[in-house]
Each structure stands twice: as structure tokens, then as C-alpha cells.
2 protein chains.
Amino acid sequence: MADLAKLAGLSKITVSRALSDSPLVNPETRERIRELAREHGYKLNISARNLRLRRSHTVAVIVEMKPSSDRTMFDPYPLGLLGGISQELTAAGYSVLLTTRQGATAAAVQAADGLILLGQGVHQDAVHRFDKLGVPMVVWGAGLKGDSHVVVGSDNRLGGAVVADHFFRLGRRHPVFIGNPSHPEIYERLNGFVDALGVHGIKPLLMRRDEFTADSGTDAVHSLQARKVDFDAIFACSDLLAIGAIRGIQQMGRTVPGDVSVVGYDDMPLGASFLPALSSVHQDWQEGGMLLARKVLALIRDEPAQSETLPVSLVVRST
Amino acid sequence: MADLAKLAGLSKITVSRALSDSPLVNPETRERIRELAREHGYKLNISARNLRLRRSHTVAVIVEMKPSSDRTMFDPYPLGLLGGISQELTAAGYSVLLTTRQGATAAAVQAADGLILLGQGVHQDAVHRFDKLGVPMVVWGAGLKGDSHVVVGSDNRLGGAVVADHFFRLGRRHPVFIGNPSHPEIYERLNGFVDALGVHGIKPLLMRRDEFTADSGTDAVHSLQARKVDFDAIFACSDLLAIGAIRGIQQMGRTVPGDVSVVGYDDMPLGASFLPALSSVHQDWQEGGMLLARKVLALIRDEPAQSETLPVSLVVRST
DNA sequence: TTGAAAGCGCTAACAC
DNA sequence: GTGTTAGCGCTTTCAA
């Protein structure tokens, strides 16, 4: 900047103002300086600016990247979120600092102006650990009632409810839920499902399955068969589970959707091109990421921010 | 730091040395200072350090996040890479700055000490754009011969070759390749496949398919049938394609693996729990990410770094 | 083994 | 509309 100032015959501060679009500077002067900067390949020194402004202009995104079979954290899911987050933060002049839980002790993370937690609900210990940093924080997932964190997540209750409605309208009266309700998000799906069916006096059966694999889905259906359970609809809380369930149903000699309706969750590409094409609950990850970003930004600016749930939609295909 | 110095009755610089593990400082003094720092929740100001050291201690990772059907960029893939990158860079005291191509004009990205490009091969225009930044850069994908970029990628030629060997040992003599060889990585797979088969005097058929979906795989098989092609093995360059191909084969009234052997690529979770369980070429994304990170770090330190390909392995399951 | 001085590149506050 | 001064918090000389 000092060099540009010398070249332009002006002072450093005028250069600074010109480059940061300050209204204090004469438009012509500004253009001249900008041109000079371009010409000489000038680049703003972020560290110096951040030091001066006492801000890092950075938001740390802490991701659970260990692909555990326990959690649907592999899939298109995290990338969609990250895309939305990145887009929104970049537009606001903030950087996205990507870390795992282990890496979160790094000085750069501690210095972040804000924190976004992905892949762990509010219930996890991790959240409390990061609470202590005293930095604006937003969490993806399902909120706990009475919890004071800002949580953004898709409306899992609604997800359960729309599937319930769908089944009821199809005349299904013996629905089954497959999944692991000890995950808060899954628990909400189950809840929405149960409540919406309850209105019609229907009580679904819960088949608890911890793994989110196709095998696990097939196995669940085999169990139903072994227990001679009468069922005509399955709501699986992941697409892989759903696909496995369909396989199990076909092995029983029954048809989908003739004898049994099946709906999955997440609307993964594989489901759409599966045969029969899987009906599934769709969530807009990108939008979720953008919302997460906007919330941290609000908190950073000392503006209020509330938890928010995103709508989901049922994509009805052939199952 | 000045505060800590006052508290300890020492000078700023001694505090700085103590906290950065300088051998110049008395071990007892160091411990005393560290204890003090902990006690008072002292946090290093990264911007100030970076300003002084004239480094950002940041590596920008530029990801193509638009999930195009053209490329398998959704999937576990990028997260595995990102995990490896993050792990390695964090351990070296560097931060991972995540951006998209659009966001790459941000000042923070321009200030990065290094660049990692994901999701676009060396052939893309994007690479040349980033070249101009004059920052150490490493690219994921397939290299071009004669190209001077540092490229890390899995050994796609080997991937093709192991599948060829596998087919030959099974007695298959009429193999087909399904995929889009205009992608450099896919092109290499095809090449390895063709060359390894050529040794045995076998010439595979290329079924060009641009989409990496299951439908596209099914369609490819239907085309083979319509053209009355005699085939007994299919190498699909994605798992989704392979699954679609298997469906097509079954619709023809033929069996997998009885009549036709099928191998996919990427070894996605869905393939393993597909029925029949899909054989696939496995790549170690995590390791790839770590390697990418180590290469940029080397370049940043002005050490030499060469392109490198990672081995892949064929996971033989039921197809 | 410790310290004093200097300065990295930027911008807010206050003149003019 | 432009300039001067000062200082953000750190580490590399150089000196003791």
C-alpha cells in the first residue's frame, strides 16, 4: 500500500480507502488507485488487516468425517451443506476453515470469529466442549427442547408426518418404522410418523436397527416375517435401509409397491435410479448450509438468531 | 503476551519463546509461563504471528462442489480426501481453507501459502487460472504426460489392468468397458484395461456412456443386446453404472456372475450391500488426501515434489 | 539465558 | 477529499 501510495503521489490511507470502496475518496482517485493496484498485482495482506481489525474473518466448520456405519455422514449430505456454507460465508467476506473434532484445538480454529458444528447433534459432548470457547456457534441437527443453542436442521417431524399421510392415503394401515431412534434426528422422524398416524388411530411398529446399511434393512424385514407381523408399509430412515427392505420384501415373494409401500430418507441419487425407483424424503442440504452460515454471521454481528427447521418434501416415485 | 510478561516479571519475547518451545529459554521459566498462559486462557493471535512471519499458514482447497451427473463428485469421495488433507495439514500447523471455484477470488484464498485443487483434472482451464497466482499448487486427478504440475491421483491404469487380469483369469474373453473416456481418469482406466487385455490378444468393446447413473448402465447393456454383441464381462467405471448394468443383464435373462462378470469402480458402500454384492476397484481417498497435503507442504518449504499415483485394489465380491 | 528495539501491513481516529 | 499519527500482537535481529 505504501508503494502504491508513492506511485500515485498519495498517502497510504487514501489507497486503503480507495481499495475498500470508502465513500470518502474521490471516485477518480479511487479508479486511478484501483487501476494501479491491478497493474502491479497488488494483494491485500489479510493478516495485517485482521490484526488491525481484531477479527479473523474466519468461521471454523467442524465436521465429523469418520464415516461410521452408525451415521449417515457419508453420502452427498455433508458436501451439500459445505457448499451452502461456503457460498454464503464467502459472499460475506468470511473464510471457511475446515476442521475435524481432533483438529479443533489448533490456534487458528480457536481464533475463528464463529463456529459451525456438523455431524453431531446438540446432545453430544462435543458441543459443550466448543461452548466453552465463547465463540458464536451454530449447530446442525435436531434441537433439544429447552436447549439454548442455535440449531439448524431439516424438519424431521414433518418428514415423518408426510410419510404417514402418504401411507394413510394409500390405504396402508399396518406401517413399520425401521431405524435407530437414539439419534435425535431419527427420533424426531419417528415421532412425527407416530403422531400423524395416531390421528387416524394407527400405531406403527418400530423395528429398531442401528446400522444404516441395506443388509440391515433386509434383515429387519426377515425379522418381521419370522415374527409373522402383518405389515403393508415401511418407512426406513435411510435410503440404503429402504433398498435393503425392498429386497427382503421381494425375497418373501411379495411385491413393492403392490403389497407393501416403502419410503426412504435422504433422496440419494442411487435411490432414484434403483429399480423400482425409490420414494424418499428429500432435504435441501444446500439451503441448510446457507442458513447455518447466515445464523453464525448474525451472531457474529451481535444480531439475534433463532433455531430454525427447514421444510422437507416427499418425492414419490415407484415404491 | 505483554500481559503475561508483566505477570511473570519477564519480557514479551521470553514469553513468546516459552510458548513456541524455543530451546533458548530456561525449562523452568518456560513451564512457569505456560502455566500462567493456561491459567489466564491466553490465546495466540494468529493474525499478528502471520503478519510478522509473512505467511498465512493456510492452504486453500478448491473443490468442485456442483454435483453434476457428469462426475462422481458426490459420494464418499471428496470427504475422504478432505479428511486426509485436513489431518495432515493440521498436524503441520496449517489451516484448511475450503472454497469453490467461484470463491477462489477472495483475498484470503489469494493469500494462501498453497493450493490444492480437487475435482478437476490438469486439463481443465481452472488449473491455468490458478497457475497464475504463483502459489505452490497440487492437483488431484490424472496427469497429462509432459505436464509440469504436481498431480496426485490413484492409479487408474492399474485399476483397469487388475480388472483385465481378473476377467482373463475367470476365462472371460469378450469384455466390455462402460464409461466416458473423455475424462482423463476414466481414459486411463480404459487404457490400462485395453493394454492388459491386449497382452492376451483380447480387444474389449467400448460402450461410451456419459452419465454415471444406474439407468445409463442398464441402457448400455440394452444396447449391447440390441446390437447382438457377444459379451461375458463388464467393467463399469462407476459403481452406479455397474449396478445398472447388472440389472440390464438380469432383464436379458442372463445371470451375474454366472453368465457375465461385472466390476465397478469406487467401492461405494451401496455396492457392498447390493445383491449380488458388487466387485469393485477400491481407492484409498484418505491416503490420497494425506499425500496431496504432504506435497503442497513440501512445495511451500521449497522442497522438491513429484507427481505420484496411489495403488488401487480390486475387491472381489460376488459379481 | 534474557531483553530492547524495530517493524511486518493495515486502518481508526483525528486533524486539515 | 486527503493526510498524520498511532498501534493492532507478534517475532527477528542484535546486544547484554
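Below, each value reflects all heavy atoms present in this structure, side chains not excepted, and no hydrogens, waters or symmetry copies. We name chains A, B, ... by the order of the sequence lines, and we start the count at 1 in each one.
- The nearest whole Å value for the distance from the NZ atom in K12(B) to the C1' atom in dT11(D) is 9 Å.
- Contacts between residues 27-40 of chain B and DNA chain C, counted as heavy-atom distances below 4.0 Å, involve T29(B).
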Which protein N or O atoms sit under 3.5 Å from an N or O of nucleotides 13-16 of chain D?
none

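- Residues of residues 19-26 of chain B that place a heavy atom closer than 4.0 Å to DNA chain C, in numerical order, are L24(B), V25(B), N26(B).
- Judged by distance alone, with hydrogens and angles left aside, the side-chain atoms of T90(B) form no donor-acceptor pair with the main-chain N or O of G103(A) at under 3.5 Å.
- Sorted by first then second residue, the side-chain hydrogen bond (donor to acceptor under 3.5 Å, both in side chains) pairs that include residues 42-53 of chain A, not counting sequence neighbours, number zero.
- Counting only heavy atoms from C-beta outward, the side chains of I85(B) and V61(B) approach each other to under 4.5 Å.
- Under the 4.5 Å side-chain criterion, counting only non-hydrogen atoms from C-beta, D3(A) is not in contact with H40(A).
- Comparing dT4(D), dC10(D), dT12(D) against the side chain of Y42(B) picks out dC10(D) as the nearest.
- In this structure, CE of M1(B) is placed 6 Å from C1' of dC10(D), rounded to the nearest angstrom.
- Residues forming a salt bridge (charged side-chain N to carboxylate O under 4.0 Å, His left out) with E35(B) (at least two apart in sequence, or on another chain): R38(B).
- Comparing the end axes of the helix from dT1(C)-dA16(D) to dC16(C)-dG1(D), each fitted to five base pairs by superposing C1' atoms of four pairs onto the next four, gives an inter-axis angle of 30° (nearest 10 degrees).
- Taking NZ of K12(A) as the start and CG of L4(A) as the end, the distance is 12.0 Å to the nearest 0.5 Å.
- When each of L53(A) and G9(B) is assigned the nucleotide of DNA chain C with its nearest heavy atom, G9(B) is the one assigned upstream, toward the 5' end.
- Counting heavy atoms from C-beta on, the side chains of L82(B) and L118(B) come closer than 4.5 Å.
- In this structure, K6(A) atom NZ and dG3(D) atom C1' are separated by 15 Å, rounded to whole Å.
- With sequence neighbours excluded, the residues that form a side-chain hydrogen bond (donor to acceptor under 3.5 Å, both in side chains) with R294(B) are E88(B).
- Put simply, the side chain of R34(B) gets close to the backbone of L19(B): a donor and an acceptor are under 3.5 Å apart.
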All N/O donor-acceptor pairs, side-chain side in residues 302-312 of chain B, below 3.5 Å, sequence neighbours left out:
residue	atom	partner	partner atom	Å
S307(B)	OG	H149(B)	O	3.1
S307(B)	OG	V151(B)	N	2.9
E308(B)	OE1	K295(B)	NZ	2.7

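- When side chains are defined from C-beta on, L53(A) counts as touching H57(A), because their heavy atoms get closer than 4.5 Å.
- Side-chain atoms of D266(B) and Q283(B) include a donor-acceptor pair closer than 3.5 Å.
- Scored by the side-chain hydrogen bond (donor to acceptor under 3.5 Å, both in side chains) test, E31(A) finds no partners at all (sequence neighbours excluded).
- As rounded to whole Å, 16 Å separates atom P of dC8(D) from atom CG of L44(B).
- We find that NE2 of H57(B) is positioned 11 Å from C1' of dT11(D), with the value rounded to whole Å.
- When the side-chain hydrogen bond (donor to acceptor under 3.5 Å, both in side chains) test is applied to E188(A), no partner is found at least two apart in sequence or on another chain.
- Among residues two or more places apart in sequence or in another chain, the side-chain contact (heavy atoms from CB on, under 4.5 Å) test is passed with A92(A) by Y94(A), L297(A), R301(A).
- Put simply, chain B comes within 4.0 Å of DNA chain C, heavy atom to any atom, from dT1(C) to dG9(C), going 5' to 3'.
- Summarising the geometry, the separation between CZ on R52(A) and C1' on dT5(D) is reported as 11 Å, rounded to the nearest angstrom.
- Here the straight-line distance linking atom CD of Q102(A) with atom CD1 of I62(A) works out to 10.5 Å at 0.5 Å rounding.
- For the OP1/OP2 pair of dT11(D) and a distance below 4.0 Å, the side-chain nitrogens and oxygens of S16(B) include at least one atom meeting the criterion.
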